[in-house]
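Notes for the one structure printed next.
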Amino acid sequence: MNKVKFYDREFSSRLLIGSALYPSPKIMQDAIRAAGSEIVTVSVRRETAGGKTGDQFWSLIRELKVTVLPNTAGCKSVREAVTTAKLARELFNTPWIKLEVIADDETLQPDVVGLVEAAQILIKDGFEVFPYCTEDLSVAMRLVDAGCKVVMPWASPIGSARGITNRDALKLLRARLPDITLVVDAGIGAPSHAAEAFELGFDAVLLNTAIAKADDPVAMGNAFRLAAEAGRAGYEAGLMGARDFASPSTPVVGTPFWHAVS
Ligand SMILES: CC(=O)[C@@H](O)[C@H](O)COP(=O)(O)O
């Protein structure tokens, strides 16, 4: 399978995993390993607030030998997101930031206006921004204009497990932004949802709740790894287009092959 590129770095795994909500630190580690993920996203605000697991949490993440993608989860203004991103750069010594600006505490709807503004500020300051956005094409285009080489539209609201609710809009993003690394982020509830994202041509999937809240997070991590591989392999194999009407698959005359055989 082809590798996936995030800015100038290449990875084999196309699953990015969140580090929250697991029943225990050990289960988090085992689930991330089972998913085969090479990139784990971590909330900067939770950790700088002295998160309950503190240093132990960092040892666990370090033991995984993954690339850390710090995020600005919980930020509700451009200023807060920019400050948090700068803190993340100091803490993790990385230009990468998963940029989240939340408009509404109830729905966790992204503030796409604030997101574009924050992305512009951070990219001018040398950051490599991974923006969490809705599936709106015009927003994605503004993010690309700002210099984002990765765009991360939601499948559905964070933690909802509803899967892809606006398939046509995601297809449009893929068609109109062929050179951008597109990641479906949030709302994935089942391995089949991830496979669907890959079959649509998305480069990667980011998820957290569906693995962390599964009855068996480690087994679910493995299920997502298999689904990601199958969905991407199907896309790379070239899916046939759907038809409106029947087309016979068992010929009654001639050769059963549609290419001439020698
Ligand atoms: C934007 C955001 O916070 C998501 O990355 C979240 O971490 C994952 O969403 P799910 O928990 O719905 O998979």
Side-chain angles (χ1 to χ4, degrees), residues 6 13-23 27-28 31-32 34-35 37-47 51 57 61 66-76 80-81 84-85 88 96-112 114-116 118-119 129-136 139-140 143 148 150-166 170 181-198 202-214 217 220-221 223-225 227-228 231:
F6 296 105
S13 169
R14 291 170 177 270
L15 284 180
L16 291 76
I17 309 287
S19 54
L21 304 175
Y22 294 86
I27 291 176
M28 176 193 77
I32 291 169
S37 181
E38 297 165 306
I39 301 175
V40 171
T41 182
V42 168
S43 163
V44 179
R45 290 180 90 230
R46 185 184 67 173
E47 294 317 314
F57 177 81
I61 295 287
V66 289
T67 295
V68 172
L69 173 60
N71 68 58
T72 65
C75 291
K76 285 186 253 166
E80 205 181 357
T84 304
W96 281 17
I97 189 74
K98 173 162 142 54
L99 185 61
E100 301 180 26
V101 186
I102 297 302
D104 175 35
D105 273 341
E106 280 291 306
T107 59
L108 303 177
Q109 172 96 18
D111 169 359
V112 293
L115 182 72
V116 172
V129 176
F130 293 58
Y132 162 63
C133 56
T134 62
E135 74 279 36
D136 186 276
V139 170
L143 291 165
C148 294
V150 176
V151 174
M152 309 216 294
W154 63 1
S156 48
I158 296 171
S160 69
R162 292 176 61 199
I164 293 173
T165 50
N166 196 346
L170 292 187
T181 300
L182 289 179
V183 184
V184 166
D185 176 11
I188 294 292
S192 59
H193 301 160
E196 184 183 4
F198 285 111
F202 274 68
D203 298 288
V205 166
L206 193 159
L207 78 155
N208 189 160
T209 310
I211 294 180
K213 292 289 187 185
M220 190 59 80
F224 270 98
R225 180 180 59 76

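In listed order, ligands and their atoms are each counted from 1.
Checked by atom type and distance alone, the side chain of Glu100 never pairs as donor or acceptor with a backbone atom of Thr72 at under 3.5 Å. With Arg225 contributing its side chain and Ala34 its backbone, the two residues share a donor-acceptor pair below 3.5 Å. No donor-acceptor pair under 3.5 Å is formed between the side chain of Asp111 and the backbone N or O of Ile102. Judged purely by atom type and a 3.5 angstrom limit, Thr107 has no side-chain atom pairing as donor or acceptor with the backbone of Pro157.
Between Gly18 and ligand 1 there is no heavy-atom distance shorter than 4.0 Å. The closest approach between Lys98 and ligand 1 falls below 4.0 Å for a heavy atom of the residue.
Nearest protein heavy-atom neighbour of atom 9 (O) of ligand 1: Ala186 CA, 3.3 Å. For atom 11 (O) of ligand 1, the closest heavy atom belonging to the protein is Thr209 OG1, 2.4 Å. Considering only non-hydrogen protein atoms, atom 13 (O) of ligand 1 sits nearest to Asn208 N, 2.9 Å. When only non-hydrogen protein atoms are considered, atom 4 (C) of ligand 1 lies nearest to Asp185 OD1, 3.1 Å.
Numbered from 1 in the order shown, with element, the atoms of ligand 1 that lie under 4.0 Å from a heavy atom of Glu100 read 1 (C), 2 (C), 3 (O). Atoms of ligand 1 lying under 4.0 Å from at least one heavy atom of Gly187, given by number and element, are 10 (P), 12 (O). Close approach of ligand 1 to Leu206 (heavy-atom distance below 4.0 Å) involves ligand atoms 5 (O). Listed by atom number, the atoms of ligand 1 under 4.0 Å from Gly159 heavy atoms are 10 (P), 11 (O), 12 (O). The atoms of ligand 1 that sit less than 4.0 Å from any heavy atom of Tyr132 are 1 (C). Numbered from 1 in the order shown, with element, the atoms of ligand 1 that lie under 4.0 Å from a heavy atom of Leu207 read 13 (O).
Rounding to the nearest 0.5 angstrom, the gap separating the CD1 atom in Ile39 from the NZ atom in Lys98 is 12.0 Å.
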Test log, rule side chain to side chain donor-acceptor pair (under 3.5 Å), inputs Thr41 and Asn71: CA-CA 6 Å; Thr41 182; Asn71 68 58; 2.9 Å; yes
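In this pair, Trp96 and Phe130 present their aromatic rings tilted. The plane angle is within the 30 to 60° band.
A salt bridge does not link Asp104 to Lys76: none of the charged side-chain nitrogens sits closer than 4.0 Å to a carboxylate oxygen.
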